[in-house]
Amino acid sequence: MEFWIELVVSVLLVLGAIFVFIGSLGLMKLPDFYTRLHGPTKATTLGMGCLLVASMALVTNQQGYLSLHELLITLFLLITAPVTAHMLAKTAMHHTLEMMDKTIDKDLSKRARERKNP
Amino acid sequence: MKAKPRFRLLPMPLHSLLLLIVWLLLNNTVAPGHLVLGAFLAFVIPLLTSGMQDPQPGFHKPLTIIRYVLMVLGDIVVANFEVARLVIGSAKKLNPAFVAVPLDIEYGLPITILASTVSLTPGTVSAEISEDKKWLYVHVLNLTDKDELIELIKHRYERPLLEIFQC
Amino acid sequence: MQHLPMLPILLPMLAAVFMLLPPLSTTITRQRVFSILVMVLLVIGSVFLLLDSHQQGTQVYVLGGWQPPFGITLVADRLSTLMVLLTSVLGLCAQLYACAGDDNDGMYFHPLFMFQIMGINGAFLTGDIFNLFVFFEILLIASYALLIHGGGKQKTKANIHYVILNLVGSSIFLFALGILYGTIGSLNIEDMASKVPLLGEHEQALAKAGGLLLLVVFGLKAALLPLHFWLPKTYAAASAPVAALFAIMTKVGVYSILRVHTTIFGEDAGALASIAIPWLWPLGWLTLIMGAIGVLASPSLRLTSANLVIVSVGTLMLALAMEREAATSAALYYTIHSTLVTGALFLIADLISEQRGKAEDRYVVARNMNHAKVIGIAFFIAGLTVIGMPPLSGFVGKILILQAAQGVVEMAWIWPVVLLSGLACLVAISRAGTTIFWRSTGDSPDEEPISALKLIAVALLLCASPLLVVFGGVVTDYTDLAADQLHDRAAYIDTIHEGGE
Amino acid sequence: MEAIYAFCVGVLTTCGFFLVLRGRTFTVVIGLTLLSYAVNLFLFASGRLKLDGAAVLGQSAEYSDPLPQALVLTAIVIGFAMTAFVVILAMRSRADQGNDHVDGQIPELPIKLGSSDKRNG
Amino acid sequence: MNLLWVVLLPLIGTLVPLLTERFGRNICAFSVAILPAWSLILVLMYAGGIFDGDAIRQTIEWIPAIGLDLSFRLDGLSLLFLLLILGIGLLVILYARYYLSSKDSMGQFYAYLMLFMSAMVGIVISNNLIQLWMFWELTSISSFLLISFWWHKSEARKGARMALTVTGAGGLALLAGLLLIGHMVDSYDLDTVLASGDAIRADAYYPVALILVLLGAFTKSAQFPFHFWLPHAMSAPTPVSAYLHSATMVKAGIFLMARFYPALAGTDLWFIIVSLTGLITLLLGAYIALFKHDLKGLLAYSTISHLGLITLLLGLNSELAAVAAVFHVINHAIFKASLFMAAGIIDHESGSRDMRKLNGLWKYMPYTATLAIVAALSMAGVPLLNGFLSKEMFFAETLNQSMLGSLSWIIPLLATVGAAFSVAYSLRFIHDVFFNGEPIDLPKTPKEPPRYMKVPVEILVTLCLLVGIFPVYVVEDLLHVASFAVLSHAVPEHNLAIWHGFNVPFFMSLLAMVGGLTIYYNRRHLFQFQAQFDEPDAKHIFEGAVQRVVSTSARITEKLENGSLQRYIFLLLISTLVMGASPLFDLSQNTGSRAQIPIDGVTITGAVLLILSAIATVIWHRRRFLALIFLSVVGLVVSLAFAQFSAPDLALTQLSVEIVTIILLLLALFFLPQNTSKESSNRRLSGDLFVAGMIGCVIGTICYAMLTSPLNTISDFFLANSKTGGGGTNVVNVILVDFRGFDTLGEITVLGIAALGIFKLIANMRIYMPTRDDKGRAWSNDPHPMMFEMVSQSLLPLALLVSVYIFLRGHNVPGGGFIAGLITAVAIIQQYIAHGVQWIKPRVKIDYQWLIAGGILIATATGLGSWIFDKPFLSTWFDYFNLPWIGEFELASAMLFDLGVYLTVVGAVMLILANLGKLTTSERIISKENV
Amino acid sequence: MLSIAIMIAAILVCVSLILNLWRLFIGPSRPDRILALDTMYINSIALIILFGVASSTTLYFEAALLIAMLGFVSTAAMCKYILRGDLIE
Ligand code: NA
Ligand code: NA
């Protein structure tokens, strides 16, 4: 296959993998649950995006037809990731997990826990 | 707003369109056979599942929709680099925060879309929605200016949604 | 007619399915009529199938038209058809008994019952070892569901034990199947039989492990010591018709040992010939003794009957261990006899316990019973049969086994236990009978009289006993032929191949 | 590769059987689930291991043995049915006996029962 | 087949009384008598031929497999016993008609009696060992019924049980013995057996066989040490005692010994066992009889003693002795039956059998007294009575033998002693009952019995006299043919004269008389002497023994079968370990010759994930939610493994099942304890771990050995025929829906049944619902988070679309009905979780039960469809079609089958999960189960 | 070049998976563990995609799709369990 396609694919693959990794890294090293929550929910979306685009490009190039179905996975992730994050945040607040001391407006989480107005 | 589906046979036209597209995506083809089958499914499945849908405000302004989607996608990319930076950097520098964003839009679907967008875009996760659906609680990974953030959310994301759902 | 071998599986299955759909699903009466009808049909069909395979030779049904060893085959030979007929008859009687009202103590009795029958028949008929597993699971899951029929603490508790043990058993079954396929490379029992002798040393060792693991699995089903402990309480807890039907379940295990270990690991399996026998001897022997001890120890008729099942299993294992036509034939006769009579005993125990209030079927003084005479006669006949007293079927089976043991080295082991277990049964049963029927507080019964249907069911089961003696000649001739057929492995292999072509 | 695979199967088997030997229904169920994983992997192994050999005609150069895969599929389904039943049975026995011990009553033990158990067991 | 009728008539007679009972006692008794009388006539018709010295044989084949034929033989011995059985039987019928009270069920009594009679007849005319044993056991059964006729009395029950157990045990021994003999001569035909006596005596197994047969005989004939059951059998109605326990059944053992005399007798072993047993029994019985206060007790022990006498005679290995034995059989039957009947009359008319109360009855019932006294004298062996003759022969024979060498004189001595005692107790019977002062507080004043009640006694006593006075004319011929049958060759010369002159036997008799008188005269001292030891009550000993056996076995059972599942599983695992490990020792080396795949990092990572999570599951198994999370990791990795090793279908299935399982477990866990504390001791834990570990090692080893060894399977066929024969390129799927579609059909059936069973379990379940979580927190106030609701319902159509996609492609690429079904189910369950039952209820109106049934039905119907084309069940069909513009597409029956799978899966999973969910809501199932 | 890229990517994803497992072990809270599990699902999707790319086959696309769809359900279910205990009410 042409060099530039291979180049693009390779770059996308590595980039995606890096984002995936960063997501997990964030999950690993960030200090409290709420901050950890950011890592996976986000990094993954783009990370997966890159990987899937790479795969699309490659398959398209190999099979000779335009392969777009990987987009579906991205679509699903985009739809579900926020809900996952939301549910997890709810559980965290339900368990009143402690957060970084420097967190601003900690007490809002208490209001949020009761689903009251601030 | 108990908007009855506009067409009895095609209760959710947008869904149907989406389904047809998804079908073609799934099968990686626009072969006529699949077009027919896809169309058929796009017609039948909504009929089956329309009962399982709470009535929601209808969509308007297709162009706005497209613009909104593209914008969000862009923001997602930015958001990821942003978060990547924060994650790699030392946790000391972070100053996380809880922010309550007042909502103007009503109804489940629009709010859900907004909350999702917020979750997908820079440094924020929608943690909770107040019972009266007037407030969106957001956890911010690294807060610089609270009002600025609220402003951003309301202008950049809520307004177009208001337009789209006309409520 | 060519599809006849499918009948014992399809008929109950479809019956069950239809009873889940309206109009049958709506009322119990419809289900009763329907299911009795179906069972009668099944009995008739089984008779025809038996005659077919007896006269025209083994019937091989090639499912999907895929030739063995590739597809699944049903093998209706003398042995399997006999077991199928036995199942149908027992099933019919249990069904009749249930229709007197027990079927209404919970949901889905009739569909589950039919599925149970389907599973058992399938296990008997299939000629494919993995398909055997599938049918085992069908009959097991159905039995799990039937066991809790009627509800109550005891049932739940017994069921927990029964289910968990059998789930572990199923896992072991799969391990064994994995090994066997991984070494022999085939699933068709006949094909495996023909390939086993050709295995290399490395594979042989593995295949042996597989074969022995299968023995564990079948031993668990058959309640072979030390895997029999679950049985008494489970059977005693089950509601009467279910327990009666369960009388055939242990026999499924015995049958599988017979099928697998005489066909795949039979005398001419080369290095893997009769790998099970060294284990069957002591285990069967001990099982028989444990069963006899259990019979003596049992405080209630249900438990006695359950332990009698174990006694029968032990006896059968000894017969199998002898590994000769005469013994196998004896085992087959004994199977018919013991299955039907233990089934009857479970029903009788229920008749008694529903008449005696709190005392139930325990061996304690209690008030008089309605129909004490009828039940008494029934119990007397069943008792004599299980003890092995003439003129009822028990003695023929006993003599057949004793005679088969003549000339076997282990005769000195077999005779005493077989005879003494008989004596133990005599002591236990006579105590049971005299206590239940002859020691009463004198209070008159208050339960309403027993439904005729139940009595008919019991009677049907019991008349098998004298019939087995009167027509003993015919029956033993058949079992002889069946045994020969089973031990003639080469012929078996050929028939399947012909069936294939 | 085969060695690692076999080792994993062994570990799963061990864990499964160990949990099956415990006294609480739910634990036993978890054990059975682990065990069924082991069983499925084992049964699958009877067709030997193969990379890039999916038994889809035209998709691979040489194919892995499809039969064990079919068997494992059946096994998985049956296993699921059984697990489902035993789980609900566990609930039922909790409902009927008031505790979730496999024998229906918690045996006298040297170790005191946990508080959670006094409340829920 | 007339001999058959000889048995059959009494057997049919069993039914007669049950039918005629309602017509009154006379008619009943009369009708009962007809059939045995008839059969007696039949016998007498044969008698002529027998006296001419030939034996009639008739045979019908029955169960050749066990050598059982209906085979009859009527010879002298049989004739003799037939006359006793049928003759005395008829008298007993007559007697019983008056004896039985109106409370007793006459029909039942007669029925049992006839059953017994036919059994006895069967024994004595059997010409087949098995058949003989069959009737033998039948006598045990019928005597059980007769002894326990008054079952409301405890001693009747106990006595009956004892008799049954002892004789039953003997029966088993007899069976073994007969089978051995049959094996020796390779035939169960009695003629053959009797003909080959030498072969039998020469056989290595002869001693065993002999002992076994004798055990049978001794138990039946109440020989020491098995005599104890007989006295307790006296709790039976007196007619029974008269019939069974004097005339017939107890003679069955004697008959057996006589029958097998040609085959088994003639060896020292025979002599030692039989004669000594007889001698001891003779003395013991005679001695104890003296001290019995109960009339029937006395008679019982005297019976024992006389049976001993006969046994002793048979044991002497002399032909004349055998003749004497036969003779005494006749005599004893006659006088003992009459004595029992007399005793019965006394009991019946005076209400007591206690000789301490019964005195001076002569005044009240002189006629009966006379009869009884004559009979008693005959029992004592007084001249001019039949007892005397056989006693004489007996004495003579004891003198003729020289078995014990120089000690042989002991036998005649002891014989005399025994005789003396029998004289003594006979005297006691006469004197204590009929004279010896006035009766002491009897329930009623004695009087003569009804006329016809005496007739049987009269007949028998007359016989005593006739035989005693005119032996030659009365019994000579019968005795001769009978003895001939016993000896099976010419009968030795013997002389039945009343007077043989002053010879030793005569003096022995005289001695016995005198001795008897002295003993009876000095009985007080004897009684005092006897009073020192309290005689053991066999009943208590026996019942006690049985009780001990029962309790011991109860203890054993409790010990082993202690109801601990953990133990049972442990045993199961041990067995598995042994069975799985033992063959591995033959395994020379684990590694086979197959090329292995190089290791790569991803696999290692997977392995690490798998192993660590599995171990974590174990470590945290008491914190259940945690265990669940780790469990799902294991499941995930397993499905990844399937993916890596070229099994995409497995990966998909595993994944979807995985998720459903997790949801299921979560649903269930809510109702169960969240955490439990440590319950097993470390010893147990390490033990369990050890066994589990060992099995793990075994399985792992086998797995490795398997993986590394080459294999050629039947699968090439599937690969080759998948497309051409099954119309699909996804071979796995084609196997599932076509090659092995039957498995799949079974598999979905299992799923369906499981769903039904679970429904059964859930119905009416009343279960504790925690209101706070395990940390004591109240539950969140948000049952249905809005975002989740919104997203779930908008995902539903997508999910359905995907499942259609997965379904349709299954035949050619990974996918299929099962996975599609699970996806649909999960999508619907997601709605339940998101919206709750109340929201779903109006929106989903499917009856999942119908889905299951429909699914299985469709799949089956697809299979049945092939019958139309005369193909076997589940034969599949497929074809390619080409529509303009749309292009080519395939239709296959397999798809219909797969649809069945799909529906069943959806139905089953929904039935399970939805109803489980409803458990906490108002929609929970209420059925009539446990209501 | 592509193969190297794939290798690097594979290593990164594997390391991520290990990291997830580590978080799963150390917790400390249940939400942490659920989050780790969810991330694991997503990372395994990545792994499968890489696998497909490496062996240039589309056979595993559905597996990835399924994890994306069902992983979400199981995560949500677990959260619901913690929030309400009762999944379906
Ligand atoms: Na965000
Ligand atoms: Na619920």
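Letters go in sequence order (proteins before strands), and every chain restarts at 1.
Counting heavy-atom pairs under 4.5 Å between each of E:Val826, E:Leu636, E:Ile662 and chain F puts E:Leu636 at the top. Contacts with chain F were tallied for E:Ile829, E:Val802, E:Val637, E:Val813; E:Val802 has the most, counting heavy-atom pairs under 4.5 Å. Most heavy-atom pairs under 4.5 Å with chain F: of the set E:Val608, E:Ile840, E:Leu626, this distinction falls to E:Leu626. With chain E as partner, the option from F:Ser74, F:Gly27, F:Ala63, F:Gly85 having the largest number of non-hydrogen pairs under 4.5 angstrom is F:Gly85. Among the candidates E:Pro814, E:Ser656, E:Ala643, the residue making the largest number of heavy-atom pairs closer than 4.5 Å to chain F is E:Ala643. Heavy-atom pairs under 4.5 Å with chain F were tallied for E:Ile806, E:Leu798, E:Leu669; the largest tally goes to E:Leu669.
Looking at F:Leu24, the atoms closer than 4.5 Å to chain E (heavy atoms on both sides) sit in the backbone and in the side chain alike. Interface residue E:Ile819: only side-chain heavy atoms are found under 4.5 Å from chain F. The contact between F:Tyr60 and chain E is made entirely by side chain atoms (from C-beta outward), counting heavy-atom distances below 4.5 Å. Residue contact with chain E, scored on non-hydrogen atoms closer than 4.5 Å, involves the side chain of F:Leu65 exclusively. Only the side chain of E:Leu640 comes within less than 4.5 Å of a heavy atom of chain F; its backbone N, CA, C and O stay farther away. Looking at F:Met69, the atoms closer than 4.5 Å to chain E (heavy atoms on both sides) all sit in the side chain, from C-beta outward. If you measure heavy-atom distances from E:Ala799 to chain F, the contacts under 4.5 Å come from both the backbone and the side chain. Heavy atoms of F:Met78 lying under 4.5 Å from chain E belong to its backbone as well as its side chain. Neither the backbone nor the side chain of E:Glu658 comes within contact range of chain F, judged by heavy atoms closer than 4.5 Å. Looking at E:Asp600, neither its backbone nor its side chain comes within 4.5 Å of chain F, counting heavy atoms on both sides. Heavy-atom distances place both the backbone and the side chain of E:Tyr832 under 4.5 Å from chain F. Heavy-atom distances place the side chain of F:Ile48, and not its backbone, under 4.5 Å from chain E. Both the backbone and the side chain of F:Ile82 come within less than 4.5 Å of a heavy atom of chain E.
No donor-acceptor pair under 3.5 Å is formed between the side chain of E:Asp773 and the backbone N or O of E:Ala778. A donor-acceptor pair under 3.5 Å is formed between the side chain of E:Trp779 and the backbone N or O of E:Thr771. In terms of modelled atom types and a separation under 3.5 Å, the side chain of E:Gln674 and the main chain of E:Leu672 share a donor-acceptor contact. Although no hydrogens or angles enter the test, the distance criterion places no donor-acceptor pair under 3.5 Å between the side chain of E:Asn730 and the main chain of E:His811. Not a single donor-acceptor pair under 3.5 Å links the side chain of F:Ser44 to the backbone N or O of F:Leu47. Of the possible polar contacts, none joining the F:Asp38 side chain to the F:Ile34 backbone as a donor-acceptor pair under 3.5 Å is found. Checked by atom type and distance alone, the side chain of E:Ser722 never pairs as donor or acceptor with a backbone atom of E:Leu719 at under 3.5 Å.
Relative ring orientation between E:Phe630 and E:Trp620 is described as parallel, the plane-to-plane angle staying below 30° on a 0-90° scale split at 30° and 60°.
Applying the salt bridge (Lys or Arg N to Asp or Glu O under 4.0 Å) definition to pairs two or more places apart or across chains, those involving residues 51-73 of chain F are E:Arg809-F:Glu62.
Ionic pairing of E:Asp774 and F:Arg30 is present here: one or more N-O contacts between side-chain nitrogen and carboxylate oxygen are shorter than 4.0 angstrom.
The side chain to side chain contact (heavy atoms under 4.5 Å, CB included) search around E:Val791 returns A:Ile79, A:Val83, B:Thr112, E:Leu795, F:Phe72, not counting sequence neighbours.
Within the 4.5 Å cutoff, the side chain of E:Phe759 has heavy atoms near those of the E:Asn915 side chain.
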